[in-house]
Amino acid sequence: MSAALHVVMYHYVRDLPNTPWPRLKGMPTGTFRQQLCALQEHYELATLETALAFLQGAYTPGRDLCLLTFDDGLKEHYAEVTPLLVEHGIQGIFFLITSCLQEQRMASVHMNHVLLATLDFAEYRQAFFQRLSTRVSLPEVMLRVDPQAAQRSARWDTPEVAAFKYLINFVLAAEVRDQVIRDLFTDYIASEASFAPGWYISWDEARAMQDAGMVLGGHSHRHQALATLSAAALARDVRTCQQLMRANLRSQACWPFSYPYGKTNSFNPQTITHLRTCGVNCAFSTEVGSNAPGNDLYAIRRIDWKDAPGGRA
Ligand SMILES: [Zn+2]
């Protein structure tokens with residue numbers, strides 16, 4: 001049987017009970033440490049270079065390849081994940097949301113996570129709908145939430161939480177949603193500018209990660225579902241992201257990208273055209289599966305860490 005490339009996807013990796021937000025959904029650091037050993041037993045750990053050579057038919061490994069990817073440029077990717085990868089001699093690929101580093105912004109998806117992990121869910125939803133109702137017709141927007149699509153995009157959540165996340169991520173206009181979440185975040189948690197530097201990797205830290213053998217990639221400038229943007233907004237977002245990456249990071253042989261949200265409804269051929277124009281060499285989705293030679297380099301499939309060896313203790 002011919003080999004496959006398994007790309008594992010991580011977001012929060014932290015010692016959750018000892019953080020201010022123990023209710024965040026994430027991977028415990030101890031589990032991550034154990035999973036690295038399990039992955040090294042099962043697979044040949046790939047670098048971005050060997051993974052792409054494999055997909056292009058230029059490299060035939062003795063067994064399946066496994067590549068580790070980390071979305072969102074979270075602080076622990078620098079502070080905890082990188083040292084563990086270095087210890088194991090593994091390269092990680094880390095995807096940055098450039099507005100978070102450059103403008104001390106919080107991605108609305110993370111403000112939403114922090115609010116969900118701080119407030120009681122019913123209280124949060126009520127406060128959200130209260131502010132939302134001053135801007136849009138609630139019955140009209142709720143009709144546009146498809147429960148099945150909602151559950152697919154948030155497999156680990158209850159139907160209520162999945163539907164709420166879907167409303168926030170896919171149904172509401174980005175400006176409306178971001179303004180409501182921003183208002184709530186400022187009221188209940190902190191100002192974005194004071195919070196973001198503790199939440200995200202800085203440019204200095206990103207360069208230190210490159211020096212340690214890690215590869216950095218773009219995850220867009222504003223972390224919006226790129227397929228929902230106008231042509232002008234799409235071009236601006238992707239261009240700004242790639243310009244900031246190249247201006248602030250050391251040069252790399254290859255510039256990868258990870259689509260925000262990442263299901264096939266979050267990017268399209270126009271998105272890929274813009275990425276190519278800006279010098280992006282490959283892009284990762286969140287569509288589930290493994291990859292074989294000849295696969296589209298701009299729609300690389302991934303699996304959640306829970307579905308990889310060592311993911312379920
Ligand atoms: Zn993301």
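Each residue takes its place number in the sequence, starting with 1. Keep in mind that this is a model prediction, so the values were computed, not measured. All ligand and atom numbering here is 1-based and tracks the order in the structure.
- At least one donor-acceptor pair closer than 3.5 Å links the side chain of K263 to the backbone N or O of T286.
- Residue F284 is tested with L297, D71, N291, L67 for a side-chain contact (heavy atoms from CB on, under 4.5 Å); the sole match is L67.
- Donor-acceptor pairing under 3.5 Å is lacking for the side chains of H221 and Q243.
- Around the Zn ion (ligand 1), the protein contributes the following N, O or S atoms under 2.8 Å, ordered by chain and number: D72 OD1, H219 NE2, H223 NE2.
- Relative ring orientation between Y166 and F170 is described as tilted, the plane-to-plane angle lying within the 30° to 60° band.
- In this structure, the ring of F164 has its center less than 6.0 angstrom from the ring center of Y124.
- In summary, the aromatic rings of F195 and F185 are positioned with their centroids under 6.0 Å apart.
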